[in-house]
Amino acid sequence: MSTVAAPAASPHLDVRNVMWLIAAMAFVIAPHLGRLPAWVGLFCLAVLMWRAWIGWAAIHFPSVWLMRLITVVACVGTFAQYHRLTGREPGVTLLIVMAVLKLLEMRTQREVTLTIYLGFFLVMTNFLFAQTIPMGAYMLVCVWIFMATLIGFNHVGRSPTVMQRLRPAGALVAQALPLMLAFFLLFPRTHGPLWALPQDAKTAGSGLSDTMAPGNVSDLIKSERVAFRVTFPNEMPPYQTLYWRGPVLVRFDGTTWRMVDEPIYPRRPEYSRRGRPVQYIVDLEPHNKNWLFALDVPGSLPENTLVRSDLQLRSANVVNERYRYEMSSWLDYRYGENVPPSRLAMALDFPPDRNPRAVALGRQWAAEIHDPREILLRAMRLYNREFTYTLEPPLLDPENPYDDFLFNSKQGFCEHFSGSFALLMRAAGIPARIVTGYQGGEVNPLTRELVVRQADAHAWVEVWLAKDGWVRIDPTSAVSPLRVEGGVNAALGPIGVIPTLVAVDRLGVLANIRFLWQAANGQWESWVVGYNMQRQRQFFSQLGMGDVDWRTLAFWLLIATAAVGGAVTLGLLVRDRPPRADPSLAAWNRFCRKLARAGLERRAQEGPLDYLARLSAERPALAPQASEITRRYIAARYGSGATREELRQLARLARAFDPARA
Amino acid sequence: MGVRQAISDWIFRAQAPEAAPVTLVQRRIFILPTRQGYYFAVTLVLLLVASIQYALQLAFLLTFLLGSMAGVAMLHTWRNLAHIRIRPGRCDAVFAGDVARFMLSAETPSQARFAIGARRHEGEPVYADVTAAEPAVIPIPAAATRRGVLRCGRVELFTRYPIGLFHAWSYVDFGLSVLVYPRPDPGAGSPPQHSRSVAEEGIPVPGDEEFNMLRGYRPGDPPKLIAWKALAREQGLLTKEFSAMASSELWLDWADAPGAEVEARLSALAHWVIQAEDFGQSYGLRLPGVAIPPGRGEAHRARCLEALALFDSDRR
């Protein structure tokens, strides 16, 4: 029996191959459906089903004119949706539409191949929206399916089975992974894009803005997205002191607090401080702004950063990729005692005609009480007594929002409390300003890493007191102490699905899984998504390679390629060796060959025992040795198996056997 | 194609027919990217530019994964062809105008090989999978346009499996050839009567259709000579023998063949040979410079057709 070769087939016409391609396309487009308008999904579904029907029923492809018409309609639809054809969403929509339409007109093997290559671009477009672990894993599966499809199209002569597609494709993917990793780690990263990008190219790393008005932080607070991660090499300071300072807002127009341009200290400012600074390393997610987050008073600074007079830490560049910086801060400090009064004028300014009741209350306090500290206490007591913390505050009067908040609704969160508090202080003659940033975070017990999320966004107040300088006052803590001690979840109860599960989970199993997942995400963010020029340098210095130039990188890439190529080749060759003969059979064959040379060849139909009988009859002198070898051979090959020692002995006997001497 | 052909022509300038079997060892195998491979390279460059441009690290991973897969696929393509053992198979003679098939059989040492293609120079390829269990037979088609000897020439064995980015190929030349008989010309009718009476011994020939005897059936006897009535009477398979066949000897003579041209005459003679054999007649063939004494049977027929196929081949 033998297999006879099939005549040259046309694999690109094979229905199964086409179905695989349709499935692969559907897989890679699926994650986009939630992000793009519904008609795109329906369009893709219709086209893919049409193509499947063409393959299934073996009917005609649509005519060239119909194809042109559909293409124009799709482009017009895209333009009507977005009013442009460039940018992330319109671009991805166009690419998807073109890729599925290509399926309707692929008639040659070459067009099939190009369609599959187009599929690889579709894989990439998904990363414009998400670079999470699940997305990475899903796209790996997509590449696998595309490869399996490609193998089907190249398995000319016969349509392979599902396993004959998936297995070799899996082998290709698996064997390519080591080299992929080497290239990923070693390929030189550049600083910034090759040419300027439109604004919406990637998911904007949104975060705090440089203004604050009642109602604009609450969206942020509902976001579970990570703002930055912090590791403390030594000891973590107490949780309630973790105030991560961001933009400082001084200018106030009655509704909105804004940042002002302030001179930047040419050198690191000196402040009176006590104790030892806290060391920490921050992994900041890109937020497309140039401020960094730090605890109170910065001690040692990272490269290319400056501290403003209001203690804001500024980077020389906009943070548009993951940025890691190492620094220290003083938590026990005093600063701003000697600020000239001219500098404080802006911190006392407010439009008197806006929020008149609040202004009146502040002025009344100033008239009644002389000690600013007493005024502070009075205000804190007011907040503590009459206000409630909620992320769903009622809408406020746009003209006099703080009046509306202080005297009517009395519900709100950090931005309401801090904004109204600062206004009251200014009205009472105490210089005050808003500091925005993050408060607290969540410690992952597995990695000891502090994860600060957008939900931890916070706003508090700094007031200036003679002799003490700028002092932090957090009016939110007066309303909801839990917010500062246990984070926003503690203050509000859990938000979102995962925290709800955690609340139910009394044994802590889910909590541990969640922490494990977060730890994995942290590593993923740090080593994959956030792997940039800076991280690459750190990686090399950790390997003790210091500053590496492209020649060194090229050298190591060459080494890695050679090593992986060698390993794969070796594996392929080893697996392709013919199976080794059974050692007992090898010994028996040797025995027979020797006898054949002596003129006693075994006949083709002769079994070992028949052969032995004939040998013993023709050459009785050989009988003892021959029967020993035959007996052992039969026992090893047809019996219950032989030990290694027995096999060795058989081999020895066959080697020593000499028909001429016996 | 151009570059590859030039390289291969240079490397295989002149090679004597090889002894079977041939193992496609490493140094016999060449590998170059296909056109699709170059497209893939362009795809990779575009993906890399996009990765840098958008600083998408997962896109970098994708690019490097695909690039590494191309490298691994090159090794797989090479291994898919390497170490295959090729033997020539039996190649049957054909008539001009038919398709001849040069048979090669391929064995793998251990791992299965997929989509192994084989083709003659510029010919249509055929594909086969080769498993360890059994050798694959690859029939390489060749259009037999003219009578004579059709040489197989160098055979290219190639593969693009698994993903078509690379074309690995090797050549074998076993010096295979098939005989191409002249195309029988049914229009030539029957051989002329007088050629029947040219009996060497001069024995008078009884009537053609005179029934002589029944003998036992021998495999190969034409169905029209089977005594169906005897079979119906349950006497077993018997063949009718006519005295004309038993005694007369038919000479198929070049001089009798119609047509002015050599090929036309050969076609007519080929038709007569086949017809005579089908009728179970004893026949001889006489060509200028060749005379095959009368006889019957497959071997005789093949001998006659071979003489026709090779007639005057030196001068052609």
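Order of the sequence lines fixes the chain letters, A, B, ..., with proteins taken first and strands second; residue numbering starts at 1 for each chain.
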Relative to chain A, which segment of [X] carries a heavy atom at a distance below 4.5 Å: side chain, backbone, both, or neither?
| X | value |
| --- | --- |
| B:L44 | neither |
| B:H76 | both |
| B:T108 | side chain |

Quiz item: cation-pi between A:R158 and B:F114, 6.0 Å / 45°: no
Steps toward ring-ring contact (aromatic ring centres under 6.0 Å, His included) verdict (B:F40, A:Y117): CA-CA 7 Å; B:F40 191 77; A:Y117 295 174; 5.2 Å; yes
For [X], which atoms come within 4.5 Å of any heavy atom of chain B: side chain, backbone, both, or neither?
| X | value |
| --- | --- |
| A:T569 | both |
| A:V173 | both |
| A:T125 | neither |
| A:V528 | both |
| A:I116 | neither |
| A:R575 | both |
| A:W524 | side chain |

Option among B:L62, B:L65, B:L66 that satisfies the side-chain contact (heavy atoms from CB on, under 4.5 Å) test with A:V123: B:L62
N/O donor-acceptor pair under 3.5 Å between A:N154 side chain and B:Y161 backbone: no
Whether B:F64 and A:F187 hold their rings parallel, tilted or perpendicular, with breakpoints at 30° and 60°: tilted
